[in-house]
Amino acid sequence: MERQASNAKASALTGLRILVVEDRGLIAGKIVRALEAAGCVLLGPAATLEAGFALLAGAGDRPDAAVLDIDLRGELVYPLAEALQARGVPLLFVTGFAANAIPDPWRAVHRIDKPFRDTALLTGLRAALSGRPVRPEPGTSTLPYNDTFSRAVATLLKTRNLIEENRILRERSESKRD
């Protein structure tokens, strides 16, 4: 019964065109595998802002949704997110950024945290597609943005990405043993 419910949820995503922008290869691969398993048609993944814009320009019809990492090795994805929003494309951020490190206008975008499970990715994507507003996280406030804060966030993001990549490699290793 649980498998049928899971299949029904996945089938709701079948055929949807999803733009994927993620700069870390292992994490991008995990996103791609989860979305393909749910029946999505993928645009990407793109690893840079420029490549994301190129995919968007070459997509013909607008994508049905986009899954975006906020930090693309020091380049923020917000200009692409603005272009997507202008076209009415629902967004899901997959990020290591804490809610209070995201500028105010972007806190209204659905997001999931790295590291993540495939089910969280699909649930987040369905939430973004639903049009339901994001629930604000209690106790979040804007932190002052300065160079020290920026370096601290960059260090934390790098650490989170390494943890996620390590977890992906461990899962692969375990699945090969089974």
Problem set entry | More than 12 heavy atoms from other groups under 6.0 Å of CD on Glu50 |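 12 or below, so no.
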For this session: Step through the shown structure and confirm whether more than 12 heavy atoms of other residues, nucleotides or ligands are within 6.0 Å of CZ on Arg117.
Result: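 Check fails, neighbour count at 12 or below.
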For this session: Begin with the C-alpha distance, continue with both residues' side-chain angles, and end with the deciding distance and a verdict on side chain to side chain contact (heavy atoms under 4.5 Å, CB included) for Lys114 and Arg167.
Result: CA-CA 11 Å; Lys114 292 179 183 175; Arg167 192 170 67 75; over 6 Å; no
Exercise. With Leu16, which residues qualify under side-chain contact (heavy atoms from CB on, under 4.5 Å), at least two apart?
Worked result: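 With neighbours one apart ignored, the set is Leu13, Ile18, Asp64, Leu129.
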Would you say that [X] contacts [Y] through its side chain, given a criterion of any heavy-atom pair below 4.5 Å between the two side chains?
X: Ile168; Y: Ile27; result: yes
X: Leu122; Y: Leu35; result: yes
X: Leu92; Y: Leu121; result: yes
X: Asp69; Y: Val77; result: no

Which atom names give the shortest non-hydrogen contact between [X] and [Y], and what distance separates them?
X: Ala51; Y: Ala47; value: CB-N, 4.4 Å
X: Val21; Y: Gly52; value: CG2-CA, 4.1 Å
X: Pro63; Y: Val89; value: O-CG2, 3.6 Å
X: Ala34; Y: Asp118; value: CB-CG, 3.7 Å
X: Pro45; Y: Val32; value: CD-CG2, 3.8 Å
X: Ala66; Y: Leu84; value: CB-CD1, 3.7 Å

Problem set entry | Tyr78: partners by ring-ring contact (aromatic ring centres under 6.0 Å, His included), with sequence neighbours left out |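 Expected list: Trp106.
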Exercise. For the atom pair CG (Leu68) and CG (Leu76), what is the distance rounded to the nearest 0.5 Å?
Worked result: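 One gets 12.0 Å once the value is rounded to the nearest 0.5 Å.
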Problem set entry | Arg107/Asn100 under side chain to side chain contact (heavy atoms under 4.5 Å, CB included): CA gap, chis, key distance, verdict | CA-CA 8 Å; Arg107 289 188 194 175; Asn100 57 1; 4.3 Å; yes
Exercise. So which of Ile102, Ile70, Val94 actually passes side chain to side chain contact (heavy atoms under 4.5 Å, CB included) with Arg111?
Worked result: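 So, applying the side chain to side chain contact (heavy atoms under 4.5 Å, CB included) to Arg111 and each of Ile102, Ile70, Val94, only Ile102 qualifies.
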Problem set entry | Verdict with supporting geometry, Arg17 and Leu43, side chain to side chain contact (heavy atoms under 4.5 Å, CB included) | CA-CA 7 Å; Arg17 295 166 30 103; Leu43 306 173; 4.0 Å; yes
Problem set entry | Contact list for residues 23-43, test salt bridge (Lys or Arg N to Asp or Glu O under 4.0 Å), sequence neighbours left out |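 Applying salt bridge (Lys or Arg N to Asp or Glu O under 4.0 Å) to every pair that reaches into residues 23-43, excluding sequence neighbours, yields Asp23-Arg73, Arg24-Glu165, Lys30-Glu164.
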For this session: For Ser130 and Ala127, indicate whether the former's side chain and the latter's backbone hold a donor-acceptor pair under 3.5 Å.
Result: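 A pair under 3.5 Å: yes.
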Exercise. Is there a path from Leu169 to Phe116 through hydrophobic residues (I, L, V, M, F, W, Y) whose side chains come within less than 4.5 Å of each other?
Worked result: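 Yes; Phe116 is reachable from Leu169 via cluster members.
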